[in-house]
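When a residue number appears, it is its place in the shown sequence, counting from 1. The structure displayed is predicted, hence computed values, not measured ones.
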Amino acid sequence: MANILIIYATTDGQTGKISRRLQEVIERQSHHVTVVPIEDAPSLDLTAFDKIVIGASIRYGKHSTLITDFIEKNKSFLESRPNAFFSVNVVARKPEKSTPEHNPYLQKFLNRIEWKPRKLAVFAGKIDYPSYRFFDRLMIRLIMRMTKGPTDPRAVVEFTDWGQVEAFGRVISDM
């Protein structure tokens, strides 16, 4: 039985939801999982964990700077444990951009950091226009129009493939 930490940064809640689903899957394999938002990560004793998983969403093409800072600060420790990283972004709704090797946001992120996660995943996120502030709704609709995604300002569309999330949970369990 391993003690596994999942740290996540979420913009609208989908990465947190994915992190909790990973927790459910991993705990079915008799592991103990602690799920923590990045804002609470500085207070953690990382040495208490056997495996570390980090997840982050994309907003306007970038992962959270809190995640980047955490990785930079803890790079040596992360490398000393089995580890994984997952990115949540709406561009992953497209089959040709739904793998770690072909997702432009994940590849750009990996090229910016020195840490090389041992396991990677990309999950399609969620569009929830009614919950967005005016500016975000406007900008995301513009981005979706350019990328042939949903633009109805009343739309709530979850693109996440939960089977893919569960499969990654089993990968983490086996690391």
Side-chain angles (χ1 to χ4, degrees), residues 5-22 35-42 52-75 78-79 83-165 167-169 171-172:
L5 174 63
I6 299 175
I7 298 172
Y8 69 92
T10 193
T11 306
D12 298 310
Q14 192 69 3
T15 307
K17 186 176 176 182
I18 290 168
S19 296
R20 289 184 293 280
R21 178 69 65 88
L22 288 170
V35 177
V36 176
I38 187 63
E39 295 82 5
D40 296 340
I52 311 285
V53 179
I54 300 174
S57 63
I58 292 288
R59 180 56 63 94
Y60 303 128
K62 297 187 190 270
H63 291 90
S64 165
T65 57
L66 294 175
I67 287 290
T68 305
D69 293 345
F70 178 84
I71 289 169
E72 288 174 4
K73 180 180 177 191
N74 296 288
K75 178 184 172 286
L78 292 171
E79 291 173 345
N83 63 71
F85 180 83
F86 66 93
S87 177
V88 179
N89 56 78
V90 177
V91 75
R93 76 188 187 282
K94 297 181 174 190
E96 68 275 13
K97 296 181 181 178
S98 65
T99 64
E101 301 78 24
H102 297 105
N103 186 272
Y105 295 121
L106 179 57
Q107 288 303 309
K108 181 178 171 185
F109 179 74
L110 293 173
N111 287 330
R112 283 187 35 237
I113 62 172
E114 291 185 30
W115 175 53
K116 302 299 176 215
R118 295 183 192 170
K119 301 291 180 182
L120 293 167
V122 176
F123 304 119
K126 177 180 176 180
I127 298 253
D128 185 356
Y129 287 118
S131 75
Y132 300 152
R133 295 176 303 186
F134 175 77
F135 179 77
D136 289 329
R137 185 171 36 253
L138 187 67
M139 293 304 295
I140 293 169
R141 286 182 70 210
L142 176 63
I143 292 165
M144 287 296 105
R145 182 171 288 119
M146 293 184 324
T147 62
K148 301 184 182 1
T151 59
D152 180 343
R154 298 163 299 194
V156 176
V157 184
E158 186 175 72
F159 296 103
T160 307
D161 178 339
W162 293 104
Q164 183 187 16
V165 172
F168 189 60
V171 167
I172 293 166

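More than 12 heavy atoms of other residues, nucleotides or ligands lie within 6.0 Å of OH in Tyr60, so this atom counts as buried by the packing criterion. Atom NZ of Lys94 has more than 12 neighbouring heavy atoms from other residues, nucleotides or ligands inside a 6.0 Å radius. Environment of CD in Glu114: sparse, with no more than 12 heavy atoms of neighbouring residues, nucleotides or ligands closer than 6.0 Å. Heavy atoms of other residues, nucleotides or ligands lying less than 6.0 angstrom from NZ of Lys73 number 12 at most. Other residues, nucleotides and ligands contribute at most 12 non-hydrogen atoms within 6.0 Å of the NZ atom of Lys108.
Here the straight-line distance linking atom CG of Leu120 with atom CG of Asn103 works out to 10.5 Å at 0.5 Å rounding. Rounded to the nearest 0.5 angstrom, Arg141 CZ and Ile127 CD1 are separated by 11.0 Å. For the atom pair CD1 of Ile38 and CG of Leu66, the computed distance is 6.0 Å after rounding to the nearest 0.5 Å. Expressed to the nearest 0.5 Å, how far CZ of Phe109 lies from CG of Asn89 amounts to 12.0 Å. Put simply, CZ on Phe135 and CZ on Arg137 are 12.5 Å apart, with the number rounded to the nearest 0.5 Å. Here the CE atom belonging to Met139 is positioned 11.0 Å from the CZ atom belonging to Arg59, to the nearest 0.5 angstrom.
Of the candidates Asn74, Ile6, Leu78, Leu78 is the only one forming a side chain to side chain contact (heavy atoms under 4.5 Å, CB included) with Ile54. Residue Thr99 is tested with Glu96, Lys97, His102 for a side-chain hydrogen bond (donor to acceptor under 3.5 Å, both in side chains); the sole match is His102.
With 3.5 Å as the limit, one finds a donor-acceptor pair spanning the side chains of Thr160 and Gln14. There is no side-chain donor-acceptor pair under 3.5 Å between Thr10 and Ser57. Of the N and O atoms on the side chains of Ser87 and His63, at least one donor lies less than 3.5 Å from an acceptor on the other residue.
Pairing each heavy atom of Ala56 with each of Ile67, the nearest pair is CB-CG1, 3.9 Å. The shortest heavy-atom contact between Ser98 and Ala92 is CB-O, 3.3 Å. Listed here is the closest heavy atom pair of Leu110 and Pro117: CD2-CD, 3.8 Å. The shortest non-hydrogen separation linking Tyr8 to Ser19 is CB-OG, 3.4 Å. When all heavy atoms of Ala9 and Ser64 are compared, the closest pair comes out as CB-CB, 3.7 Å. Across Ala155 and Pro130, no two heavy atoms sit closer than the pair O-CD, 3.4 Å.
Within the structure, every pair that satisfies the side chain to side chain donor-acceptor pair (under 3.5 Å) test and touches residues 120-130, not counting sequence neighbours, is listed here: Asp128-Ser131. Each side chain to side chain donor-acceptor pair (under 3.5 Å) pair with one or both residues in residues 146-155, not counting sequence neighbours, appears once here: Arg93-Thr147, Asp152-Arg154.
For the pair Trp162 and Ile18, the minimum side-chain heavy-atom distance is below 4.5 Å. Under the 4.5 Å side-chain criterion, counting only non-hydrogen atoms from C-beta, Val90 is in contact with Met144. Inter-residue side-chain proximity for Leu142 and Ile140 is flagged as unmet; no heavy-atom pair is nearer than 4.5 Å. By the 4.5 Å heavy-atom criterion applied to side chains, Leu138 and Tyr132 are not counted as neighbours.
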Stepwise side-chain contact (heavy atoms from CB on, under 4.5 Å) test for Ile58 and Lys62: CA-CA 5 Å; Ile58 292 288; Lys62 297 187 190 270; 5.8 Å; no

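Aromatic ring orientation, Phe85 versus Trp115: perpendicular (interplanar angle above 60°, classes split at 30° and 60°).
With respect to Lys17 and Glu158, a salt bridge is recorded, a charged nitrogen being found less than 4.0 Å from a carboxylate O.
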